[in-house]
Amino acid sequence: MDILGSNKSFWIALLIFVLAAVQSEAETQVCYSKSSPCFLKQVYCPKECPSSSPTNPKAKVCYLNCNSPICKAECRHRKPNCNGPGSACLDPRFIGGDGIVFYFHGRKNEHFSLVSDPNLQINARFIGLRPEGRSRDYTWIQALGLLFDSNSFTLEATPSATWDDEVDHLKFSYNGEELIIPESHLSVWESQETSIRVERTTSKNSVLVTLPEVAEISVNVVPVTKEDDKIHNYQIPSDNCFAHLEVQFRFYGLSSNVEGVLGRTYQPDFKNPAKAGVAMPVVGGEYKYKTTSLVSADCLACVFTQAGRLDQMDSTVLDYGKLDCTGNAFSGNGIVCRK
């Protein structure tokens with residue numbers, strides 16, 4: 001019996017040692033917002049993704065959702081997931097905070113509000129073309145403009161005749177001044193007030209923009225491919241590859257009155273007009289969300305204020321990461337999400 005007892009103690013001690021060794025190699029994530037259910041809790045990263053800044057640009061990263069009551073770190077890719085909620089890719093194909101797929105075409109060479117909240121404004125510049133005989137423009141998101149506090153930030157895909165993976169097609173500005181971020185994996189720029197952080201997730205054409213406790217924006221620059229051109233008959237000219245942005249947003253504590261092409265889908269009682277079961281459900285609203293520039297908040301539905309502060313009595317939107325979405329994950333048409 002003594003031998004059995006000592007063997008059992010040995011294996012328990014060994015297991016504790018192994019677990020401690022695994023955890024010592026993993027980062028810990030901490031939420032510093034007092035409103036977070038995970039406030040000041042130390043959460044270990046999974047062994048599958050032990051770091052939030054891996055040296056391998058293709059590796060998954062450790063992520064902790066500070067708005068979730070689960071307080072468990074998870075693995076995710078750093079590039080936008082165009083089939084996930086909060087994404088805007090292609091000829092703009094959106095997946096709303098409610099999980100529903102919809103298209104918003106806007107117009108080429110014009111600006112539209114994607115998100116407008118008292119403390120955050122996100123606009124997009126659309127580029128595109130209209131082949132002869134078409135009734136509307138083919139459009140893509142070419143640039144984003146952010147307004148927060150009294151600051152502005154822009155990022156855009158620079159025009160190019162042909163696409164080259166070895167050339168960086170991203171351009172940045174902060175408060176109207178051009179911003180240079182060195183072309184290297186994990187190269188980081190942060191504002192003096194630490195109100196915005198931009199990190200290259202690959203050496204070229206991919207970044208993660210973070211506004212602490214407000215939003216995260218994953219961005220990737222891509223061209224219109226010859227395959228897409230052939231499938232959709234865009235008739236892309238030989239002197240322009242229409243470099244554009246793939247983006248995915250993650251928001252923290254939006255107000256219940258949030259507006260914008262994408263923002264309104266985060267309203268708790270929003271009824272999405274996109275028709276379920278339609279292959280390409282298009283929604284309108286150009287007149288409501290058009291802005292005069294990339295960094296203005298003058299659309300008819302915009303609610304951003306420069307001194308934007310959320311009313312403490314205002315309820316915040318649901319954490320859509322906890323919704324059960326049917327319809328083969330985020331793969332198709334008319335996805336429905338339930339609490």
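Source: prediction; values computed, not measured.
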Co-membership, hydrophobic cluster, residues Phe249 and Tyr252, 4.5 Å side-chain: no

For the cysteine pair Cys38/Cys31, does the gap between the two SG atoms stay under 2.5 Å? no

Count the heavy atoms of every other residue, nucleotide or ligand shown that sit under 6.0 Å from NE2 of His105, and state whether that count exceeds 12.
yes

Across all chains, not counting sequence neighbours, the side chain to side chain contact (heavy atoms under 4.5 Å, CB included) partners of Ser52 are Glu27, Gln29

The reported gap from OH in Tyr138 to CD1 in Ile127 (rounded to nearest 0.5 angstrom) is 15.5 Å

* Return yes if a side-chain donor-acceptor contact under 3.5 Å exists between Gln121 and Ser116, otherwise no. => yes

### Query
Going by the angle between their ring planes, with limits at 30° and 60°, are Trp189 and Phe153 parallel, tilted or perpendicular?
parallel

(request) Identify whether Val115 and Phe270 are in the same connected component of the hydrophobic contact network (ILVMFWY, side-chain heavy atoms under 4.5 Å). (result) no

The complete set of salt bridge (Lys or Arg N to Asp or Glu O under 4.0 Å) pairs with one or both residues in residues 209-231, sequence neighbours excluded, reads Arg76-Glu216

Query raised in the report: For atom CD of Glu177, is the number of surrounding heavy atoms from other residues, nucleotides or ligands below 6.0 Å larger than 12?
Result: no

Contacts satisfying salt bridge (Lys or Arg N to Asp or Glu O under 4.0 Å) that involve residues 127-141 (not counting sequence neighbours) are Asp91-Arg136, Arg130-Asp137

Verify side chain to side chain contact (heavy atoms under 4.5 Å, CB included) between Leu90 and Cys82, making sure each step is shown before the conclusion. CA-CA 9 Å; Leu90 305 171; Cys82 290; 5.9 Å; no

I'd like to know if the side chain of Asn123 reaches the main chain of Leu294, judged simply by a donor and an acceptor atom lying under 3.5 Å from each other, with no hydrogens or angles considered.
yes

Between the side chains of Thr291 and Asp298, is a donor N or O closer than 3.5 angstrom to an acceptor N or O? no

In terms of ring plane angle, is the pair Trp140 and His244 parallel, tilted or perpendicular, where the classes change at 30° and 60°?
-> tilted

